[in-house]
Structure formats: C-alpha cells, structure tokens
Colleague: 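I have a structure I would like to understand better, so I am pasting it below and will then ask my questions one at a time.
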Amino acid sequence: PRARGAARGRRGANPGDAQPLAGRDGLTFPFLVLSAGDPSGDRLGASLLDALRARGIAVQAAGIGGPRLSAAGLHIVAPMESVAVMGFAEILTHLPSIRRARRSVLRLLEAHPDAVFLPIDSPGLNLGLARAAKRMGRRVVYYVCPQVWAWGYGRVRRLREDVDLTLLLFRFEEEIDAGFREAEGFN
C-alpha cells in the first residue's frame with residue numbers, strides 16, 4: 001500500500017530532467033534506474049518503491065518495468081513485455097525491442113551521473129547492463145541476485161567486478177555471496 005502523500009512518478013515527465021528530492025528528514029535519495037525483465041521483478045521492484053515511499057523517502061525512478069512498477073511510480077522507458085522472452089527463437093524475434101530497451105536504460109544512466117542502477121533478477125538482460133553501468137562509474141545494487149547456485153559459478157567473477165551490493169532473497173545465499181567476496185578481498 002502506498003503511503004499517504006507519497007510522491008509518484010509523473011506520466012509523460014522526462015526522467016532526464018529529474019532532480020533529487022528531499023525526504024522528510026531533508027536527505028536526498030539518488031535517482032534510481034531500474035531494470036525488471038519479468039513479472040516477479042516487476043512485483044518486487046514495485047514493493048521496493050512503495051516501501052521506500054512509505055518510509056518518507058522521496059524516490060524518483062525510471063527504467064524497464066511492467067504494470068506494477070508503473071503503478072508504483074516508475075517512469076517506464078521500455079515495457080517489461082519487450083524484454084520478457086525465453087528461448088533462442090523468441091530472443092531472435094524480439095532482438096530489436098531488447099536492444100531498444102537496453103539503449104533506453106543506458107541513456108538514463110548517462111543522463112544521471114549520480115544514479116544507482118538497480119537490476120532485478122533476469123541475469124540474461126541485467127548482467128550486461130550492470131557491467132555498462134559500472135564502467136560509467138554508476139553504483140550497482142543487484143536486487144534478487146542471480147541464483148549462481150542454480151546456474152553455476154561461471155558468472156561469479158562478473159558479479160564481483162560489476163556489482164557493488166547484492167540484495168539476497170534466501171538466507172543460504174548470504175554464505176555463498178560472502179565466500180565470493182572474501183575470495184576477492186571484498187568485505
């Protein structure tokens with residue numbers, strides 16, 4: 001549920017014009033660039049924006065999302081449906097829209113030097129965007145860390161290099177994440 005008086009994204013507003021907003025304590029929150037490539041990411045991202053606003057944090061955010069993130073105030077630069085594909089053949093048929101969505105996110109990151117990039121799950125879409133964001137000097141907070149325990153440990157190096165903070169869903173992921181970071185001297 002939305003907090004009474006919570007700020008919402010303005011439809012039609014240009015996210016490139018966004019200025020940091022002060023919350024009830026006068027603190028500013030960085031502009032968020034989100035990338036949710038599936039319905040669960042849309043739900044989790046919307047819950048996160050709602051929770052921040054319920055705590056009085058004025059959040060401005062734009063990126064890839066679906067109907068729930070839109071309702072939570074995300075300025076949609078590319079619809080989640082344009083990137084929510086599975087299988088090689090489906091990826092090929094949607095490749096132009098996937099590339100447009102990625103370019104839209106990269107433009108947002110370029111326009112906001114203080115932005116935090118918040119990819120939500122979907123490693124096929126988001127690991128490349130995380131790398132690009134990190135190379136631009138943006139902070140990267142991966143929400144719902146890709147399940148390395150399920151798809152293998154080959155991408156762990158990329159996570160160590162390109163992600164500043166991982167927000168985990170499962171308690172057992174803490175031990176896995178800590179092990180990766182200790183091996184590279186991250187603590």
Side-chain angles (χ1 to χ4, degrees), residues 1-84 100-123 125-146 159 162-169 177:
R2 182 172 317 289
R4 193 172 295 164
R8 290 188 55 126
R10 294 177 297 154
R11 293 213 188 272
N14 181 357
D17 297 337
Q19 298 296 317
L21 298 174
R24 68 175 165 222
D25 295 325
L27 300 174
T28 58
F29 198 81
F31 187 80
L32 291 179
V33 177
L34 275 77
S35 177
D38 60 36
S40 69
D42 187 50
R43 180 180 47 79
L44 290 166
S47 294
L48 175 67
L49 292 181
D50 287 339
L52 289 170
R53 290 191 180 112
R55 285 162 179 75
I57 300 170
V59 178
Q60 288 187 312
I64 300 171
R68 289 187 176 183
L69 270 166
S70 179
L74 181 76
H75 176 85
I76 304 290
V77 297
M80 169 192 75
E81 296 79 10
S82 68
V83 298
R100 277 192 300 277
R102 290 176 52 87
R103 280 193 305 270
S104 295
V105 168
L106 295 174
R107 279 193 299 271
L108 282 172
L109 290 165
E110 289 170 356
H112 296 278
D114 64 335
V116 171
F117 179 51
L118 188 82
I120 305 171
D121 203 3
S122 302
L125 169 68
N126 287 324
L127 285 177
L129 288 169
R131 173 157 286 174
K134 193 66 176 175
R135 287 182 177 166
M136 288 181 200
R138 305 307 179 266
R139 293 162 290 172
V140 178
V141 177
Y142 213 116
Y143 187 27
V144 187
C145 183
L159 288 174
D162 300 332
V163 174
D164 297 302
L165 176 67
T166 54
L167 304 177
L168 309 171
L169 288 183
D177 186 61

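These values consider heavy atoms only, across backbone and side chains, with no hydrogens, waters or symmetry-generated copies.
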Colleague: Using the side chain to side chain contact (heavy atoms under 4.5 Å, CB included) rule, take Tyr143 and Leu44 through it: C-alpha gap first, then chi angles, then the decisive distance, then the call.
Modeller: CA-CA 9 Å; Tyr143 187 27; Leu44 290 166; 3.9 Å; yes
Colleague: I need the minimum non-hydrogen distance between Arg139 and Pro30, along with the two atoms involved.
Modeller: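 Heavy atoms only, the tightest pair is NH2-CB, 3.8 Å.
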Colleague: Would you please test Arg53 and Val59 for side chain to side chain contact (heavy atoms under 4.5 Å, CB included) and show each step?
Modeller: CA-CA 7 Å; Arg53 290 191 180 112; Val59 178; 4.0 Å; yes
Colleague: Restricting to salt bridge (Lys or Arg N to Asp or Glu O under 4.0 Å), what partner residues turn up for Arg131, sequence neighbours left out?
Modeller: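 Partners of Arg131 by the salt bridge (Lys or Arg N to Asp or Glu O under 4.0 Å) criterion, ordered by chain and then number, come out as Glu161, Asp162.
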Colleague: Answer yes or no: is there a side-chain heavy-atom contact under 4.5 Å between Phe29 and Leu52?
Modeller: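 A side-chain contact under 4.5 Å exists here.
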Colleague: Which heavy-atom pair separates Ile76 from Gly66 by the least distance, and what is that distance?
Modeller: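 Reported closest heavy-atom pair: CD1-O, 4.0 Å.
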Colleague: Assess whether side chain to side chain contact (heavy atoms under 4.5 Å, CB included) is satisfied between Leu34 and Leu69, documenting all intermediate values.
Modeller: CA-CA 9 Å; Leu34 275 77; Leu69 270 166; 3.8 Å; yes
Colleague: Of the non-hydrogen atoms in Ile64 and Ala101, which two are nearest, and what is the gap between them?
Modeller: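 Between these two residues, the closest heavy atoms are CD1-CB, 3.9 Å.
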Colleague: Is there a donor-acceptor pair closer than 3.5 Å between any side-chain N or O of Arg138 and the backbone N or O of Met136?
Modeller: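 Yes: the side chain of Arg138 pairs with the backbone of Met136.
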Colleague: For a quick test of reading the model, state the closest non-hydrogen atom pair linking Val33 to Ala115 and the distance between them.
Modeller: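 Distance-wise, the nearest heavy atoms are CG2-CB, 4.0 Å.
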Colleague: Quick one: does Asp42's side chain get under 4.5 Å of Pro67's, heavy atoms only?
Modeller: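 Asp42 vs Pro67: side chains touch.
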Colleague: Quick check: do Leu159 and Leu127 have side-chain heavy atoms less than 4.5 Å from each other?
Modeller: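 Yes, their side chains come closer than 4.5 Å.
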Colleague: Do Lys134 and Asp164 sit within salt-bridge range, that is, some charged N less than 4.0 Å from a carboxylate O?
Modeller: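 Salt bridge flag = yes for Asp164 with Lys134.
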